[in-house]
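As structure tokens, the structure follows; a few thoughts come after it.
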Amino acid sequence: MAMSGFGVTEFQLVLLRRMQDYQPELVEQARERLGVTRTEQRQANAFWQSVERSRRVPRGLRRYRLVLGEPVGESEVLIGDLPCRLFHWYLPLWPDLRWEVLTGANGSVVNGWLARERGGAVPQLPADGQLEPWSCVVGDVEQTYADIRHLEGDAPSRWLVAYTAPGGEPRLARFVYGLVQTADTLPRPRRDM
């Protein structure tokens, strides 16, 4: 299965498809900015799904290089005591962010998501913790709020973060590929007397 004709634009369409479950209006606006039709978006997603299942298409970092080109940056990071590699690319839809791919010691892809530039300025997030869709990434929430708890999402592209804003209510933010989609107030535990 060849990857020709599938590049940065099509990859962004795949990311948007997963975000559409939460923010269909923002996805529609982004699709229009890319100048593609809904049919082209569906075709890109269907192609990517077939690539994911194919045994003939390279896996891991090689697949990202085929689609996005050579990474614009690479660094070593430690996860605990485990040395890993972090690769990144820039995507036009999210100019303030980058697509990061984390690989383990054996070179396999551990995670891929949108993230802020290392050392980049974190946007000022609301004091009450009510995040606007697409306003921040997981790392921004980690640096801004207290009592952070990472929770597994219901799909590989989804991530949950429970947090508390200063003097605010506990909240749960839902992220798709690292970009916030929703932030809801968590019910306080009942105290039965």
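Because the structure is a prediction, the values reported are computed rather than measured.
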- For salt bridge (charged side-chain N to carboxylate O under 4.0 Å, His left out), just list the numbers for Glu169 and Arg171, CA-CA rounded to whole Å, side-chain angles, deciding distance to a tenth of an Å, and then say yes or no. CA-CA 6 Å; Glu169 300 286 326; Arg171 293 193 175 270; over 6 Å; no

Taking every non-hydrogen atom, the tightest pair across [X] and [Y]:
| X | Y | result |
| --- | --- | --- |
| Leu179 | Cys136 | CD1-O, 3.6 Å |
| Ala127 | Ala165 | O-CB, 3.0 Å |
| Leu16 | Leu34 | CD1-CD1, 4.2 Å |
| Gly129 | Ala183 | O-CB, 4.2 Å |
| Leu26 | Pro133 | CD1-CB, 3.7 Å |
| Arg158 | Arg18 | NH2-O, 4.3 Å |

ILVMFWY cluster membership beyond [X] - transitive side-chain contacts under 4.5 angstrom:
| X | result |
| --- | --- |
| Tyr90 | Val72 |
| Val122 | none |
| Val161 | Trp113, Leu125, Leu131, Val138, Val141, Tyr145, Ile148, Trp159, Tyr163, Phe175, Val180 |

In Å and rounded to the nearest 0.5 Å, what is the [atom1] to [atom2] distance from [X] to [Y]?
| X | Y | atom1 | atom2 | result |
| --- | --- | --- | --- | --- |
| Trp134 | Tyr22 | CH2 | OH | 14.0 Å |
| Asp184 | Gln130 | CG | CD | 7.5 Å |
| Asn111 | Thr103 | CG | OG1 | 11.0 Å |

- Message: Checking Ser135 now: which residues fulfil side chain to side chain donor-acceptor pair (under 3.5 Å) with it, not counting sequence neighbours?
- Response: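 Per chain and number, Ser135 pairs via side chain to side chain donor-acceptor pair (under 3.5 Å) with no residue.
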
- For Thr9, enumerate each residue passing the side chain to side chain donor-acceptor pair (under 3.5 Å) test, keeping only those at least two apart in sequence or located in another chain.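 Applying side chain to side chain donor-acceptor pair (under 3.5 Å) to Thr9 gives none.
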
Contacts of [X] that satisfy salt bridge (charged side-chain N to carboxylate O under 4.0 Å, His left out) - sequence neighbours left out:
| X | value |
| --- | --- |
| Glu40 | none |
| Arg55 | none |
| Glu25 | none |
| Glu76 | Arg85 |

- Message: Please tell me whether Phe87 and Trp99 form a close aromatic pair, meaning their ring centres lie under 6.0 Å apart.
- Response: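 So the answer is no for these two rings.
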
- Query: Does the gap between the ring centers of Phe6 and Phe47 come in under 6.0 Å?
  - Reply: yes

- Item | Any side-chain donor near an acceptor of the partner, Trp94 and Gln12, under 3.5 Å |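 No, no side-chain donor-acceptor pair sits under 3.5 Å.
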
- Item | Test item: side-chain donor near acceptor, Thr39 and Arg42, under 3.5 Å |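 Side-chain D/A pair, Thr39 to Arg42: present.
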
- Pairs satisfying salt bridge (charged side-chain N to carboxylate O under 4.0 Å, His left out), at least one member in residues 127-147, at least two apart: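 Counting only pairs at least two positions apart or across chains, the salt bridge (charged side-chain N to carboxylate O under 4.0 Å, His left out) contacts touching residues 127-147 are Arg116-Asp140.
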
- Report the C-alpha distance between Glu32 and Arg38 in whole Å, list the side-chain angles of each, state the deciding distance to 0.1 Å, and finish with yes or no for salt bridge (charged side-chain N to carboxylate O under 4.0 Å, His left out). CA-CA 9 Å; Glu32 288 174 0; Arg38 287 187 184 121; 5.9 Å; no

Do [X] and [Y] sit in one hydrophobic cluster, given that two such residues count as connected whenever their side-chain heavy atoms are within less than 4.5 Å of each other, even indirectly?
| X | Y | value |
| --- | --- | --- |
| Leu86 | Leu91 | no |
| Leu102 | Leu114 | no |
| Val101 | Val110 | no |

Could you give the side-chain donor-acceptor pairs of residues 64-71 under 3.5 Å, partners two or more places apart or in another chain?
{"from": "Arg65", "atom 1": "NE", "to": "Glu70", "atom 2": "OE1", "distance (Å)": "3.0"}

- Task: Verify side-chain contact (heavy atoms from CB on, under 4.5 Å) between Glu117 and His88, making sure each step is shown before the conclusion.
- Result: CA-CA 9 Å; Glu117 187 77 37; His88 72 269; 4.2 Å; yes

- Message: Restricting to side chain to side chain contact (heavy atoms under 4.5 Å, CB included), what partner residues turn up for Leu172, sequence neighbours left out?
- Response: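 Here the qualifying residues are Leu151, Leu160, Ala162, Arg174, Leu186.
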
- Query: Stepwise, does the side-chain contact (heavy atoms from CB on, under 4.5 Å) test hold for Glu100 with Arg118?
  - Reply: CA-CA 11 Å; Glu100 287 186 347; Arg118 297 280 181 229; 3.3 Å; yes

- Query: Is the count of non-hydrogen atoms from other residues, nucleotides or ligands lying under 6.0 Å from Asn106 atom CG greater than 12?
  - Reply: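 Yes, enclosed.
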
- Query: Can you tell me if CZ on Arg59 sees more than 12 non-hydrogen neighbours from other groups inside 6.0 Å?
  - Reply: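 Atom CZ in Arg59 is packed in, count exceeds 12.
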
- Task: Verify, without hydrogens or angle tests, whether Gln23 (side chain) and Gln181 (backbone) share a donor-acceptor contact under 3.5 angstrom.
- Result: yes

- Task: Decide side-chain contact (heavy atoms from CB on, under 4.5 Å) for Trp48 and Gln43; before the verdict, give the C-alpha distance in whole Å, the side-chain angles of both, and the deciding distance to 0.1 Å.
- Result: CA-CA 9 Å; Trp48 187 257; Gln43 289 170 340; over 6 Å; no

